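Remarks on the structure that follows.
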Amino acid sequence: MSIITSKREEVYSEIKKALNKAKKKEILKFNVLPDFTVEVPRDKTHGDFATNIAMLLCKEVKMPPREVARILIENLENVDEWTEKVEIAGSGFINFHLGQKWLYKVLPYVIKEGENFGKSNVGQGKKIQLEYVSANPTGLLHMGNARGAALGDTLSNLLAAIGFNVTREFYINDAGNQIENFGKSLEARYFQLLGQKADFPEEGYHGEDVVATVKNIISEVGDKYLNVDSVLRREFLIQKGLEEKITNIKNDLARFGVEYDVWFSEQSLHDTGAIKRIIQELQDKDLIYEKEGALWFKTSQFGDNKDEVVVRANGIPTYFVADIAYHINKFERGFEKVINIWGADHHGHVARMKGAMKAQGYDEKKLDVIIMQLVRLLRDGDVVRMSKRSGQYITLSELIDEVGKDAARYFFIMRNPDSHLDFDLDLAKAESSDNPVYYVQYAHARIASILKASPEKIKNIELINFALLKEETELNLIRKIADYPEEITEAALNYEPHRLTRYAQDLASAFHSFYNSCRVLTDEKGLREARLGLVDATRITLRNLLLLIGVSAPERM
RNA sequence: GCGCCCGUAGCUCAGUGGAUAGAGCACUGGCCUCCGGAGCCAGGUGCGUAGGUUCGAUUCCUAUCGGGCGUACCA
């Protein structure tokens, strides 16, 4: 429990106590206590915490809000012990000024916690699963996959930090139509590279990477498969091709700092009969009918706007039913929460997947789908057009080469997933103040060099007199640090990783301001030690934060 | 047509049922004999439009306009 959270709760419960006291005395007459807020006001002159309770209550008690506020304040107990000043402001806000004492407790707490600062047990060890990227293994990872990777990994880190037991998972679409297509493409390239005539399938994968894959296969087995049965040849090429593609995907993601606990194969759902089982179960529930030779699932009964095919007329199950089987599998593994990160082009899939879970007797509320909008790439101010089919796209690997892992990850989580993302390659590459990543990392490097230049190391934080920190920039920095645990919790629970970059910016800014107005390594020993403590607490916070985002915290730049 | 997301500063984006709506970039001017100037300080414009709910709406609801995506026996 962080200091600021406990402080807020203290204020909250004191207000409640006062209200109940006034109610008992029949000065305020109300039935149910409204759901009021206690928040840190935007404007510092409005104190450390503010509540809107008076405005919410005014109607029921039939008094002007400021009058309600006055009564409430009168009924607060031992106000002087925990506040410096309580005032009524604006149309009826009550502002609590707590003084600075509690702020000084923040720093020793942070230093003692170290890398645990910000962590909590809000999640209580509950099992939670995140599935992200899950790109088709028929090609390389593109910008959209990269955004999903950065978001998914950061969100996983966040949830783990607040005490959830997180499983990170990649679903490999190694079955279905696109694999057939992949096989045809490989086969055509195989013929072509061996000097044979072959038409390349129109719907095939035109990318250069497919050519490279086939070249690798040829260097291994030569023309051995030129004259075998086409079915066997394709089977072999697909197996080899998938192996290489999946290895590539794993390597690229690893370079991006993204590691998975589970790589789940779609094919395995066919092999184990899980898909057949689902279809049977749906049939038993009378949720399946036949039309034009295909089997349809009555998804419209569950909020979808039309029914969906689960088995095609040619007898091959669709991606949809495989995905249902996969999600049932997730629930069977006992996750209390299942989170998917999908691109906006899959949003139509959400309602029917939830419907399918409901049809199978699972609580669809346990399935959260984060839809992220698509990425647009900008170079020299122009949009770079991308298309996977045509093979024209910038890969994750190329992106890392060009702008580096740190900048790429930072940029991807800077935006709300709901927002379209314009990825400005030139800005991401800029080694200047324009680049928000450097701005934050610079603060960390600067701290490292102060600590290095310091004549003494902090040994016993108990002996430091933090009350010597009285400058406005010092107090601002402490307040910002104190916000950190709450920021982490909010970002995690609301699935909002982008809050982290904003906070990072603010924290770095508060530090730079402090640095410019206060000399750390001053001759006064007491003040120097207090400031070193402040600097160290800033370092710990910055470092923990960057770690969550998957960006390095450099000692030097 | 229908469904989902978005519309906030010149640009890229945060944010909130409440008190003066923020940040970065861009533009202008200042700041190191001293811990890293990749820094700091100062400067100004905006919630697409129209209704409704509310003590209070940029936020919630409805309509409308604009952009993206979906609406496959692709995934």
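Chain A is the first sequence line, chain B the second, and so forth, proteins listed ahead of strands; every chain is numbered from 1. Small disclaimer: the values here were computed from a predicted structure and weren't measured.
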Check: [X] side chain, [Y] main-chain N or O, donor-acceptor pair, under 3.5 Å:
X      : Y      : answer
A/D307 : A/S300 : yes
A/S552 : A/P554 : no
A/R409 : A/I549 : yes
A/E474 : A/E471 : yes

Looking at every strand, decide which applies to [X] at a 4.0 Å heavy-atom threshold: base, sugar-phosphate, or nothing.
X      : value
A/A50  : base
A/R556 : base
A/A445 : base
A/E292 : base
A/N95  : base
A/D506 : nothing
A/A344 : sugar-phosphate
A/L374 : sugar-phosphate
A/E496 : nothing
A/F320 : nothing

Return the polar atom pairs (N/O with N/O) between nucleotides 5-9 of chain B and the protein under 3.5 Å, or none.
from	atom 1	to	atom 2	distance (Å)
B/C5	O2'	A/Q373	NE2	3.3
B/C5	O2'	A/D418	O	3.1

Aromatic rings [X] and [Y]: how do their planes relate, parallel, tilted or perpendicular, breaks at 30° and 60°?
X      : Y      : result
A/W296 : A/Y289 : parallel
A/Y260 : A/W263 : perpendicular
A/H346 : A/Y319 : perpendicular
A/Y326 : A/F264 : tilted

Open item on the list: Going by the rule salt bridge (charged side-chain N to carboxylate O under 4.0 Å, His left out), which residues pair with A/E456 if we only count those two or more places apart in sequence or in a different chain?
Closed with: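 Residues passing salt bridge (charged side-chain N to carboxylate O under 4.0 Å, His left out) with A/E456: A/R528.
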[N] OP1/OP2 closer than 4.0 Å to side-chain N/O of [X]:
X      : N     : answer
A/R446 : B/G37 : yes
A/Y439 : B/C40 : yes
A/S449 : B/C35 : no

Quick one: which of [options] gets closest to the side chain of [X]?
X      : options             : answer
A/A294 : B/C73, B/A75, B/G22 : B/C73
A/R519 : B/A75, B/C34, B/C73 : B/C34
A/H46  : B/A19, B/A75, B/G36 : B/A19
A/R352 : B/G39, B/A75, B/C35 : B/A75
A/H347 : B/G3, B/A72, B/C13  : B/G3
A/V309 : B/C73, B/A75, B/G3  : B/C73
A/Y442 : B/G37, B/U12, B/U71 : B/G37
A/Q505 : B/C35, B/A19, B/A23 : B/A23

Open item on the list: Among residues at least two apart in sequence or on other chains, which ones pass side chain to side chain contact (heavy atoms under 4.5 Å, CB included) with A/N516?
Closed with: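 Residues passing side chain to side chain contact (heavy atoms under 4.5 Å, CB included) with A/N516: A/R446.
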In whole angstroms, how far is the [atom2] atom of [N] from the [atom1] atom of [X]?
X      : N     : atom1 : atom2 : value
A/R415 : B/A23 : CZ    : C1'   : 10 Å
A/M353 : B/C4  : CE    : P     : 19 Å
A/D35  : B/G17 : CG    : C1'   : 13 Å
A/K452 : B/C35 : NZ    : P     : 15 Å
A/L295 : B/A72 : CG    : C1'   : 17 Å
A/D323 : B/C73 : CG    : C1'   : 17 Å
A/K245 : B/A75 : NZ    : P     : 20 Å
A/R531 : B/C34 : CZ    : P     : 18 Å

Expressed as a whole number of Å, how far does the [atom1] atom of [N] sit from that of [M]?
N     : M     : atom1 : result
B/A57 : B/A21 : C1'   : 13 Å
B/G70 : B/C27 : C1'   : 41 Å
B/C13 : B/G48 : P     : 15 Å
B/G30 : B/A50 : P     : 43 Å
B/G66 : B/C25 : P     : 35 Å
B/U20 : B/U64 : C1'   : 32 Å

I'd like a list of close polar pairs between nucleotides 41-44 of chain B and the protein, N/O only, cut-off under 3.5 Å.
from	atom 1	to	atom 2	distance (Å)
B/C41	OP1	A/S513	OG	2.8

Task: Ion pair check, A/E60 and A/K62, cut-off under 4.0 Å - done: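 A salt bridge is absent here (no side-chain N lies under 4.0 Å from a carboxylate O).
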Using a cutoff of under 3.5 Å, can you pull out all pairs of nitrogen or oxygen atoms linking the protein to nucleotides 55-58 of chain B, with atom names and distances?
from	atom 1	to	atom 2	distance (Å)
B/C55	OP1	A/K59	NZ	2.3

Task: Check: A/Q441/A/D406 side-chain N/O donor and acceptor closer than 3.5 Å - done: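 Short answer, yes.
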Open item on the list: Could you tell me if A/D483 and A/Y503 have a donor-acceptor pair between their side chains, going purely by distance under 3.5 Å?
Closed with: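 Judged by distance alone, the side chains do not pair up.
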Open item on the list: The test is ring-ring contact (aromatic ring centres under 6.0 Å, His included); show your working for A/F411 and A/F423 and say whether it passes.
Closed with: CA-CA 7 Å; A/F411 270 62; A/F423 195 107; 5.4 Å; yes
TODO: Answer yes or no: does atom NZ of A/K298 have more than 12 heavy-atom neighbours from other residues, nucleotides or ligands under 6.0 Å?
DONE: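 More than 12 heavy atoms, drawn from other residues, nucleotides or ligands, come within 6.0 Å of this atom.
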Task: Partner of A/L295 under side chain to side chain contact (heavy atoms under 4.5 Å, CB included), chosen from A/I288, A/T318, A/V309 - done: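 Option passing the side chain to side chain contact (heavy atoms under 4.5 Å, CB included) with A/L295: A/I288.
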TODO: Verify the stacking flag for A/H346 against B/G70: centroid separation must be under 5.5 angstrom and the ring planes must differ by under 30 degrees.
DONE: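 It does not: the ring fails the test against the base of B/G70.
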TODO: Counting Watson-Crick and G-U wobble pairs whose two distances are both under 3.5 Å, find the runs of 3 or more in a row that involve RNA chain B.
DONE: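 Stem list for RNA chain B: B:1-7 with B:65-71, B:10-13 with B:22-25, B:27-31 with B:39-43, B:48-52 with B:60-64.
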Open item on the list: If you compare all heavy atoms of A/R531 against all heavy atoms of A/R519, which two are closest, and at what distance to 0.1 Å?
Closed with: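 Where A/R531 meets A/R519 most closely, the heavy atoms are NH1-O, 2.7 Å.
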TODO: Could you classify B/C32 for me, syn or anti, using a glycosidic angle within 90° of 0 as syn?
DONE: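 Classified syn.
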